[in-house]
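In what follows, a single structure is set out as structure tokens and then discussed.
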Amino acid sequence: MISKAYKRENRISPLSATILNVIFILLSLACVLPVMLVIIVSFTHNDSLVNQGYSFFPSQWSVTAYTTLLKEFSTIAAAYRVSIGITVVGTVLSVLLMALYAYPISRKDYPFRSFFTFFLFFTMLFNGGLVSRYMIYTQTLHLKDSYIALILPLLIVPFNVIIMRTFFQTTIHPALIESARIDGASELRIFFRIVLPLSLPVLATMALFATILYWNDWFNALLFINTENKYPVQYLMMRVLKDVQYIRENMTLVSQNPELLKNLPNESLQMAIAFIGMGPILLVYPFFQKYFVKGLTVGAVKG
Amino acid sequence: MRETVVPSPNAVRTNRQVKAYRFFRSFWQFRHLTFMIVPAALVLVLNNYLPMFGLFIAFKKINYVDGIWHSPWIGFDNFTFLFNNGSLWRIVRNTVAYSMTFMILNLVLSVAIAVAINELRSRLAVKSYQSFLIMPHFLSMVVISYLVYAFLHPTNGFINASILEPLGKAPVSWYMAKEYWPYILTVVNAWKGIGIGAVIYIAAIAGIDPEYYEAAVIDGASKWKQIVHITLPAIMPIVIIMTILNMGHVFNSDFGLFYQVPMDSGMLYPVTDTVDTYVYRVLMQLNDIGMSSAAAMVQSVLGFIMVFITNGAVRKINSDQALF
């Protein structure tokens, strides 16, 4: 046992503690302030943007950006539908498949354990690269412009499977499985009735990871999706920013066609789109947070 | 079971038969577990193993009529084109330089944060700092490119309008000034990565037996000595594993960071173009499958070799800490 005296003796001095706290408060602010800036700009009045530039303390506020967005409701709703759809389907499938893979390779008595562990591990060491994957997806599997192309690539994250395996190994005692088997439970029953309920922290962590991975993905849409009503939110955001940039850089184009500039989303509108794109993550994140550090820690340390 | 494998009692079983028999018996006994593994294994085949196999397209002249399987072989022509192309050196130099910088900087900062946060006594403070520091990891590169844009916007951006202007300095056209981008990209990458990087080391430090520190205090070791002689050696195995895995990605770059954040601005290519953005551009914009597949193959093979070199080096120093 550790004595209280030792703990007191080994504390850092109040001065160093204060310095450390100040540093951490500054770091925390550095993480949050850019997000705050985007949110504030999205609520800034256009006159204030023109006179003052982007500022944390704008002189005039406005919700015009959001009322304008409401007019584009159908585009945004479609993108949201796509994003929510692939996130829900992807997360459920991803967590289930990864758990189903991680459990057998966590069992010491499973004879093909080392083979399947290597089969998984090898994909972390070597990969076919972008071109090969692109050609296989479009030429062999014919997934161009299909929702499957947004779900399949992110289903299995090898590193996360290893974290799950380690979690199963360290928290589920073999005797528990043995006794269930003696009672006549099948492997599948053991897995769904005993192993999964005991693994909620790691499952929640993986669900959070998968949710974020799917929600934040734009790369697969960039590669595989052509139809506008299949764009997920992140890809829509990317297109908006790129189009704006493109028009700004080609002012000659604008002089020939003044309509373009009029339809250009103003800056608070762009930032409102960014806010709408990250919104769900900022909402979900605090709820998962408490599971997340625990699930990751137990799984990662004893690897 | 037994009867089906061994036809008659007096048949002589060879060694091979015994092995095959044992294999099938354990296969049958554990068929449910194998059944559980199959779906995810199939996904790995589709996502990882087929593309590995598909690397052969680098040796082909692909045309869409014949498809990838029936297009003619052309040997090393794609590689000749790639190596004669002037941008190869630039993209490899950028990729490796950024990867190494990011790896070292993020490692040092993550470990520093983990060690420092471990010294704080208030649970509430530790938890809140952690939550804030991890948050950037959960934002997509598209969102981050908006955040960066809010700071670097040429006329209204926070830096030009709210910092440089009040100081009486001339505004900078950030998206056209390549000299700043190595720093911008390094800062953005660290901002996104160090919080989540620290979590792993925080966990590792939490797993150290407190008795080591108790003994150190009795021996009169200072805080600094404790960190150098207990904490750092204890987390070394995890540092090494993470480094080996990162070494495999030295020739890879975060596509989003180098494509989204500089907004694919042509003026910045000399300092922002990496193997991944180059491969993407050659494939999707120039539609040159040959050269992009050759570049992608060079990237995969070099990464694989790097893992082996690093792992071999680690095994020479301390065989317990090697990955395989």
Side-chain angles (χ1 to χ4, degrees), chain A residues 2 6 9-12 20 24 27-28 31-32 34 37-38 41 49 53-55 97-98 100-101 103-104 110-112 116 123 125-133 135-136 139 152-153 155-156 187-188 212 216 218-219 234 237-238 241 245 267 274 277-278 281 285 289 293 296-297 300-301, chain B residues 26 30 32-34 36-37 39-40 43-44 47-48 50-52 54-55 57 67-68 116 119-121 129 131-133 135-136 138-140 142-143 145-147 150 156-158 161-162 199-200 203-204 207 210 213-214 217 223 248 255 263 279-280 283 289 292-293 296-297 299-300 304 307:
Chain A
I2 309 129
Y6 145 73
E9 209 172 316
N10 201 26
R11 269 187 197 172
I12 50 176
L20 274 187
F24 273 108
L27 284 175
S28 304
C31 288
V32 181
L37 180 66
V38 162
V41 171
L49 282 182
Y54 298 171
S55 160
L97 289 187
M98 291 203 297
L100 281 170
Y101 197 101
Y103 173 62
Y110 181 53
F112 311 115
F116 280 111
T123 63
L125 302 181
F126 190 59
N127 67 78
L130 172 67
V131 187
S132 180
R133 190 163 72 84
M135 297 310 279
I136 297 277
Q139 301 290 303
L152 186 61
L155 270 182
I156 308 289
E187 290 288 4
L188 276 173
I212 285 163
N216 281 347
W218 46 271
F219 186 57
Q234 301 292 325
M237 284 167 63
M238 179 190 152
L241 199 57
Q245 182 75 356
E267 278 142 22
M278 64 185 154
I281 293 297
Y285 173 63
Q289 155 77 11
V293 175
L296 192 68
T297 16
V301 179
Chain B
S26 59
F30 288 99
H32 295 110
L33 288 179
T34 308
M36 288 160 84
I37 262 185
V43 173
L44 286 178
N47 276 342
N48 301 88
L50 268 184
M52 281 180 212
L55 277 174
I57 58 174
I68 59 174
E119 296 301 332
L120 298 176
R121 285 290 161 265
Y129 295 151
S131 315
F132 285 126
L133 290 175
M135 194 268 296
F138 294 113
L139 301 177
S140 80
V142 176
V143 169
S145 71
Y146 273 83
L147 301 183
N156 299 337
F158 183 76
S162 298
V199 169
I200 294 170
Y213 294 104
E214 200 175 356
V217 171
K223 201 87 231 178
F255 178 79
M263 303 231 234
V279 168
Y280 171 79
L283 175 71
I289 299 167
S292 58
S293 60
M297 178 158 186
Q299 186 185 35
S300 299
F304 193 51
V307 175

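Worth knowing before you read on, the calculation uses all heavy atoms, side chains too, and leaves out hydrogens, waters and symmetry mates. Below, chains carry the letters A, B, ... as their sequence lines are ordered, and counting in each starts from 1.
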Can you tell me which portion of [X] sits under 4.5 Å from chain B's heavy atoms? Options are side chain, backbone, both or neither.
X: A:Leu241; answer: both
X: A:Val41; answer: neither
X: A:Gln234; answer: both
X: A:Leu27; answer: both

Query raised in the report: Could you go step by step and tell me if A:Tyr101 and A:Ile156 meet the side chain to side chain contact (heavy atoms under 4.5 Å, CB included) rule?
Result: CA-CA 10 Å; A:Tyr101 197 101; A:Ile156 308 289; 5.9 Å; no
Query raised in the report: With distance as the sole test, does B:Ser293 use its side chain to make a donor-acceptor pair with the main-chain N or O of A:Ser132 at under 3.5 Å?
Result: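 Flag not set: sc B:Ser293 to bb A:Ser132 has no pair under 3.5 Å.
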Query - B:Ser300 side chain vs A:Asn127 backbone, donor-acceptor pair below 3.5 Å - result: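 Indeed, once roles are kept as given, a pair shorter than 3.5 Å links the two residues.
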Pick one of side chain, backbone, both or neither for [X], based on which atoms fall under 4.5 Å of a heavy atom in chain A.
X: B:Glu119; answer: both
X: B:Leu283; answer: side chain
X: B:Ile57; answer: side chain
X: B:Leu139; answer: both

Query raised in the report: What do the steps show when you test A:Val38 against A:Met278 for side chain to side chain contact (heavy atoms under 4.5 Å, CB included), and what is the final call?
Result: CA-CA 11 Å; A:Val38 162; A:Met278 64 185 154; 4.0 Å; yes
Requested in this report: Among B:Tyr280, B:Phe304, B:Tyr146, single out the residue with the greatest number of heavy-atom pairs under 4.5 Å to chain A.
Outcome: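 Option with the greatest count: B:Tyr146.
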Query raised in the report: Of the listed residues (A:Ala274, A:Pro34, A:Gly129), which shares the most heavy-atom pairs with chain B below a 4.5 Å separation?
Result: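 Among A:Ala274, A:Pro34, A:Gly129, the one with the most close pairs to chain B is A:Pro34.
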Query - Greatest number of heavy atom pairs closer than 4.5 Å to chain B - which of A:Leu152, A:Leu130, A:Val131, A:Val32 - result: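 Looking at each of A:Leu152, A:Leu130, A:Val131, A:Val32 in turn, A:Val131 comes out on top.
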Requested in this report: Tell me, yes or no, whether the heavy-atom count around A:Phe112 atom CZ, taken from other residues, nucleotides or ligands under 6.0 Å, exceeds 12.
Outcome: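 It does: A:Phe112 CZ has more than 12 such atoms within range.
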Report task. For the residue pair A:Tyr110 and A:Phe116, categorise the inter-ring angle as parallel (less than 30°), tilted (30 to 60°) or perpendicular (more than 60°). Result ->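 Parallel, since the angle between the ring planes stays under 30°.
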Query raised in the report: What is the distance from atom CZ of A:Phe219 to atom OG of B:Ser140, rounded to the nearest 0.5 Å?
Result: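 Spacing of CZ (A:Phe219) from OG (B:Ser140) equals 14.0 Å.
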Query - Contact check, side chains of A:Leu20 and B:Leu120, non-hydrogen atoms, under 4.5 Å - result: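 Heavy-atom side-chain distance check passes, below 4.5 Å.
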